[in-house]
Amino acid sequence: MEENELYSKLMNGYKTEFDRNGVSGQRVAARLHKLSEIGRTGDGGSFRLGFSKEEQEAKRLLKSWMREAGLSVSDDEAGNVFGRMRGGNEPSSVLMSGSHLDSVPNGGHFDGPVGVISSLEIVEAWNASGFLPDFDYEVVIFSDEEGSRFQSGLTGSRAMTGKVDMDIQKGLKDSEGTAFPEVIQEVGLSDSTFAEAANHNKNIKEYVEIHIEQGKILEKENLPVGIVSGIAGPCWLSVTFTGEAGHAGNTPMTARRDPLAAAGAFVSSIPDMPGEVSGSAVATVGKLEVRPNGANVIPGTVELIVDIRDIRKEDRDVLTERIIEEAETLAEKHDVDVEYQQNFEVSPVPVPAETKELLRNAVNDEGIRAVEIPSGAGHDALVIGHRYPVAMLFVRNKDGISHTPEEWAGLNDIVQGIHVLKTYLEKK
């Protein structure tokens, strides 16, 4: 990507009519471009792993913009960054908005940065228009949301809400074998104080996040912005089918106890099941291990993981039970044994009806038809939502592509999202 390509592409076709009430699309484009230069890959993507020097450099850049906007800037023990604007009334609670700046390896330039830069643009707009909110407003940058370095994400938001088990965290190693304590020490943090990020009384009134949609609903509806109806919590169900290994040529078909035949039928049954329970439920088998995995050997065991998600826990639990029942039925049909275990679970976060109604009003005020979209992906809002009220907006994302250099959100859509966020905040 040439030096000015991102900025030029963002500005190409931008409607200057959106530059109103202090919001500047040109400033948003320039900042997205400047941030994209940090950790730029040969493919034109972004490479800023959690707790890397690139993530730190990106945070320093944003902190400089925060200070220029008049915010009081601070860091906590987990490396989370906060830029606070004092409100007009005696502060009792803070309304927080932001996202993250780390990326997956060779990721895009919009997942995370759109949320941070949009939240900061609200401050720039208020400064330009002279608006002062009643509440304190805080722009936040959470550390290591993606989790690509240690295969364990949402680290900063988990630390802030007291959800980090430091015994587990200290044992994590990155792909080079470097342990978590050593990695964070290189960026000025310490494993002995990391969990103290939870000791600050944030007294958060609400956390609001703008994020690119990692799907195609807004594109299909031809809309720039959507309302997140809830954030799905994943449940990982480990399922093991056990049969009897044997020679592929010498074992008659009628005498086989083939766990892969059962597993294959099970995997094929999964796609039809979520829709029978909920319109927002999904289930995916993305990992499957066959042993002994020989071309001329009937397998002895097959292990797989079903990733089950929904924005309502009760519906997700119903779906999980149906999937277990299907596994048991198919195991009996194929004369194999089956065992299952839930080895990972995060409760979903539904957005309250009254919050969605306020978001709907803000969307409509901008002349946009309001649609609700469940978020299947996890975000910092998922963690924060287990402790504080949350609201979330999606911005249209071309082809729904994310986590690659091809990830793309248009400037017109981003700026309209900023206007919706600004309207929503001003009515709080």
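Just so we're clear, the structure is a prediction, and the values are computed from it rather than from any experiment.
Each of Val114, Asp413, Val28, Val225 was evaluated against Ile418; a single residue qualifies, Val28, per the side-chain contact (heavy atoms from CB on, under 4.5 Å) test. Partner of Tyr424 under the side-chain contact (heavy atoms from CB on, under 4.5 Å) criterion, out of Leu359, Asn361, Ile227, Val363: Leu359 alone. Partner of Asp310 under the side-chain contact (heavy atoms from CB on, under 4.5 Å) criterion, out of Pro350, Cys235, Ser280: Ser280 alone.
Between Glu138 and Arg84 there is a salt bridge, with a side-chain nitrogen of the basic residue lying less than 4.0 Å from a carboxylate oxygen of the acidic one. Under a 4.0 Å N-O distance rule, the pair Arg291/Glu303 qualifies as a salt bridge. Asp102 has no carboxylate O lying under 4.0 Å from a charged side-chain N of Arg149, or vice versa, which leaves the two without a salt bridge. Salt bridge annotation for Arg20-Glu17: absent, with no cationic side-chain nitrogen under 4.0 angstrom from a carboxylate oxygen. Salt bridge annotation for Asp75-Lys63: present, with a cationic side-chain nitrogen under 4.0 angstrom from a carboxylate oxygen.
The environment of Gln185 atom CD is sparse: at most 12 non-hydrogen atoms of other residues, nucleotides or ligands sit within 6.0 angstrom. The environment of Lys163 atom NZ is sparse: at most 12 non-hydrogen atoms of other residues, nucleotides or ligands sit within 6.0 angstrom. Within 6.0 Å of NZ in Lys398 there are 12 or fewer heavy atoms belonging to other residues, nucleotides or ligands.
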(message) For Leu132 and Met85: C-alpha separation, side-chain torsions, deciding distance, then whether side-chain contact (heavy atoms from CB on, under 4.5 Å) applies.
(response) CA-CA 9 Å; Leu132 187 65; Met85 177 184 189; 4.1 Å; yes
(message) Working note: Glu124 + Trp65, criterion side-chain hydrogen bond (donor to acceptor under 3.5 Å, both in side chains); need CA distance, chi angles, decisive distance, verdict.
(response) CA-CA 10 Å; Glu124 301 284 9; Trp65 292 337; over 6 Å; no
(message) One pair to check against side-chain hydrogen bond (donor to acceptor under 3.5 Å, both in side chains): Glu77 and His200. What are the steps and the verdict?
(response) CA-CA 10 Å; Glu77 292 83 356; His200 304 284; 2.9 Å; yes
(request) Could you give me the CA-CA distance, side-chain angles and deciding distance for Asn203 and Ser93, then say whether side-chain hydrogen bond (donor to acceptor under 3.5 Å, both in side chains) is met? (result) CA-CA 5 Å; Asn203 195 17; Ser93 61; 5.1 Å; no
(request) Starting from the C-alpha separation in whole Å, work towards a yes-or-no answer on side-chain hydrogen bond (donor to acceptor under 3.5 Å, both in side chains) for Glu176 and Thr178. (result) CA-CA 6 Å; Glu176 297 180 356; Thr178 307; 4.6 Å; no
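Counting only N and O atoms by type, the side chains of Glu366 and Thr423 include a donor and acceptor under 3.5 Å apart. In this structure, a donor-acceptor pair under 3.5 Å is present between the side chains of Arg312 and Ser278. Inspection of the Tyr14 and Gln26 side chains reveals no N or O donor paired with an N or O acceptor under 3.5 Å. Between the side chains of His403 and Asp111, a donor-acceptor pair is found at a separation under 3.5 Å.
Atom CE in Met160 sits 5.5 Å away from atom CZ in Phe82 (nearest 0.5 Å).
With hydrogens and angles ignored, the 3.5 Å screen pairs no side-chain donor or acceptor of Ser402 with any backbone N or O of Gln214.
With sequence neighbours left out, the salt bridge (charged side-chain N to carboxylate O under 4.0 Å, His left out) criterion links Arg369 to Glu221.
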